[in-house]
Amino acid sequence: MISLIGFIGLLFSCIFSVSIVISFFNQNKKVYEKIFYYSVYLSAISILVSFLALILAFINSDFSNYTVFQNSHSSKPLLYKIAGTWGNHEGSMLLWLVIMLIYNCVFSFNKTLDISLKKLTILFQSSIYICFALFVIFTSNPFLVNSILVNEGLGLNPILQDPALAIHPPLLYLGYVGFSLILCLSLSGTLLNKIDKEWILTTKNWTLFCWSMLTGGIALGSYWAYYELGWGGWWFWDPVENVSLMPWIAGLALVHSLMMAKNEPLLKRWIVFLSILCFSLSIFGTFLVRSGILTSVHSFASDSSRGIFILILFLIITGFSFILFIFKSNESNTKLNLLFINKTSALVINNIVMIIACLTILLGTIYPIIIEVVSNKRISVGAPYFNSTALPILLPGFLLMSIAPALSWQNNKLPKFKYYLITFISMSTLTVIISWFSFFSIWGFIGLLLSFIIIAGSVLTIYINSTKFGYQNFLNYNNALIAHIGVGIMILGITCSSVFKSEYSLSILKNEEIKFDKYSVELIDIKILERDNFQELKAFLQINKDKKVMSLVNPSKRYYHVSKIITTEVGIYRNWFQDFYTVLGSENNKKWDIKIYTNPLVNLIWFGVLLMVFSGFVGILKNE
Amino acid sequence: MSVSFQRLLVILISLIFLITSILLILINSKKNLIFFYTPSELMNANPKINDIVRIGGFVMKESINKIGTNIYNFTITDHKELLYVTYDGVLPDLFREEQGVVVEGKIIKNKHLKAISVFAKHDENYIPASIKSQLKNNEYWKKDYK
């Protein structure tokens, strides 16, 4: 029953979207104007109803629904029943549709844009929606009814049973799918030749929102991967991770260009190009991941027939957009205000660097496919390739970041150049001293230097701004700098946690205390506990420093009855300077194997990202 | 600066970056690509000592030995050739005898690998698509994986 309601909701959202298209082309009559807007609202409501129906089916463990049967179990905690809705391919595609129409609906309340521009944007968004809705209905319908009667489901993959599942996918989709609206805005702006101040402001706000959501989603995912064993740490350069990084980088370039566009009219074409690129990369990523062409540690249900469908969607949407872009966008003959070093030239370099970095990541991601097709050999492209290709290319961008916000538009001068020079020299000396007293590694040196230069440069600019403008409107003047400080902090976290980490292998008896580095660890107890839907073997480890107790950590192993899978849960003790990351191994003669990793400053990675997201939201809210 | 000169400049800058990136890609794809073999393919490929490779296959029955704190020896097979592996670390939860496994590591001598990482994935039936087809042709491959 509930599956039927859900499916009808899905169909109706599709029908209303078709009615949006029809009423758009009959604009001469007054009635159609009303139908147009009501269809927008109704389509969003029907897809929401459909989505709620699926969630209800999951909550009630309605195993007559095939998706629920495949991915749920009645003994699961409520949180994972709800979050499990989008923990599988079908449900997550429905979430994709929901988000698309929510964007469409919210956008329809926009008051600043020209009416024709707004309606055309809604038309494009609805057309893309119809394509994706057909994809869902034909290849991944979440409302299929189970052909046999069953009273228990197969259960959700235990590794996915984590609170992060509740927010990570919706955040990511708010980013990915949101780029479709940006694409539609660009297409309609190009078609009507109305890329003006209002357009730029509106697009900037929407892009900032999507980009911030995507940033948050990726950061949350990387945090999840950090504490989930076997996912290769917080960033593994896994295909699934790369696929989210590419639209992120393109989106970052877009955000920067949009912020500059009011002073540089020439950038309009470039902006349109970038917004097409953003959504194309999103769909292309979906294709790579869902078709199963690439093997990833973050497994996704894959099916080649879906892959072909998505590939066709990708070709249609991207092809149409680029054709429109080539034939309709106006050539402008105004000059760029390009000087040796001013804001414009910094922006140009920033964009070039980002796009090329994006391409190298793309190439690395699809390289195994190319090689397999050409030579029938199988290869894997791992972290070393990406680290030594993408990072050096990004280097000039990182360097420019420290001073770019302080550069002027009109001339080559950097105000208070001397201060900057002194700051940079002292930061370099500091890095040399630090490397001297710890140990030298080339990545460590470059990382530290970059982060110090970025943070110090931005702080100096904030200081100069404050002496000039005072502390009123602090965020208005310094918003970009806050984001850049976030990047600096993130680089610091990445460098310290990857270069200065250390690991210890111990074998420990109960009540024994073993020293490692400056610390010692004691196994207080080890217990078996019964939980909702799993059994837990929990170790109580006490970490001491100089005979004083620092903290208790609980690495554990879980046995899930339904899927008969054992998972290892790490125990983490974090303080300001480092994480103690503990893993419980196997037992041998009453001795338990334990691995302890110390990751210095690793939490700065997510703190830095948080600053970027914060700055993104301030960017939307601040008054121009 | 005229418009055309500006364009030329932007194109030139882009080209410089592009060439750098292509050079980097070429250098790195020589150095950092890791080949993916089954044990018998590895023998055919004549690997050199210190080559880094990825191997997919099964953990042989009764081959897992613990030789120290978190140090293990085990054997990977595709039922044609054997490969001895040493690994220092916590083995993944799904690592079991007669299970599909992927290891990445350095070749230290003939038929002997020092693993840097061992993957045994989410799904207990997990096996990378790329070696699945390979193993299906193998007569010993009885288990029907979805």
Side-chain angles (χ1 to χ4, degrees), chain A residues 157 159-160 229-230 232 292-293 295 297-299 302 333-336 338-339 348-349 352-353 355-357 359-360 363-364 367-368 371-372 377-389 392-393 396 503 505-507 557 563-568 583-586 588 591 593-595, chain B residues 1-7 9-10 13-18 20-29 31-38 41 45 52-54 56 66 68-72 88-94 102 104 117-124 126-132 134:
Chain A
N157 187 341
I159 296 195
L160 294 180
L229 214 66
I293 284 188
T295 22
V297 290
H298 313 291
S299 71
S302 58
N333 271 319
T334 41
K335 259 173 44 169
L336 267 179
L338 204 62
L339 299 170
V348 168
I349 291 179
I352 294 173
V353 161
I355 296 304
I356 290 181
L359 290 179
T360 55
L363 190 70
Y367 209 78
I371 292 286
E372 188 160 0
K377 275 187 180 158
R378 294 180 308 280
I379 57 159
S380 78
V381 180
Y385 166 87
F386 291 103
N387 286 340
S388 44
T389 311
I393 293 169
E503 61 173 272
S505 273
L506 311 171
S507 197
K557 280 183 183 291
S563 36
K564 299 191 172 50
I565 283 181
I566 301 173
T567 67
T568 303
V583 183
L584 183 64
S586 57
N588 206 349
K591 280 195 157 200
D593 284 349
I594 299 173
K595 267 227 142 156
Chain B
M1 277 191 288
S2 73
V3 178
S4 47
F5 179 68
Q6 270 198 348
R7 279 195 194 141
L9 205 65
V10 172
I13 299 173
S14 316
L15 270 182
I16 292 171
F17 278 111
L18 203 64
T20 329
S21 72
I22 289 172
L23 281 179
L24 278 171
I25 289 172
L26 286 178
I27 295 168
N28 286 318
S29 56
K31 250 183 12 195
N32 290 326
L33 289 188
I34 299 169
F35 281 89
F36 204 152
Y37 299 114
T38 59
E41 280 177 324
I52 290 188
V53 290
R54 233 181 225 219
K66 192 168 168 180
T69 309
N70 283 325
I71 303 176
Y72 299 89
D88 177 359
V90 174
L91 286 166
D93 305 312
L94 296 173
V102 175
E104 187 177 309
S117 37
V118 174
F119 312 89
K121 289 298 147 44
H122 302 183
D123 188 357
E124 57 186 318
Y126 173 84
I127 190 155
S130 42
I131 34 175
K132 194 163 75 181
Q134 202 73 21

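Proteins get letters first, then strands, A, B, ... in listed order; numbering begins at 1 in each.
Pairing each heavy atom of B:Lys66 with each of A:Ser586, the nearest pair is NZ-OG, 4.2 Å. Residues A:Leu363 and B:Ile25 approach most closely at CD2-CD1, 3.7 Å, considering heavy atoms.
For A:Lys591, no part lies under 4.5 angstrom from a heavy atom of chain B. Contact of A:Tyr367 with chain B is made through the side chain alone, with heavy-atom distances under 4.5 Å. Both the backbone and the side chain of A:Ile379 come within contact range of chain B, with heavy atoms under 4.5 Å apart. A:Ile594 touches chain B through its backbone: at least one of N, CA, C or O sits under 4.5 Å from a heavy atom, while the side chain does not. Heavy atoms of B:Ser14 lying under 4.5 Å from chain A belong to its backbone as well as its side chain. With a threshold of 4.5 angstrom between heavy atoms, A:Ile371 does not approach chain B through any atom at all. Contact of A:Pro396 with chain B is made through the side chain alone, with heavy-atom distances under 4.5 Å.
Put simply, CG on B:Asn28 and CZ on A:Phe386 are 10.5 Å apart, with the number rounded to the nearest 0.5 Å. With rounding to the nearest 0.5 Å, the separation of NZ in A:Lys595 from CG in B:Asp88 is 5.0 Å.
Comparing A:Gly585, A:Ser507, A:Ser388 by heavy-atom pairs within less than 4.5 Å of chain B, the highest count is held by A:Ser388. For chain B, the option among A:Gly364, A:Ser505, A:Ser380 with the highest count of heavy-atom pairs below 4.5 Å is A:Ser380.
B:Ser21 is linked by a side chain to side chain contact (heavy atoms under 4.5 Å, CB included) to A:Ile356, A:Thr360, A:Ile393, B:Leu18, counting only residues two or more places apart in sequence or in another chain. With sequence neighbours excluded, no residue satisfies side-chain hydrogen bond (donor to acceptor under 3.5 Å, both in side chains) with A:Lys377.
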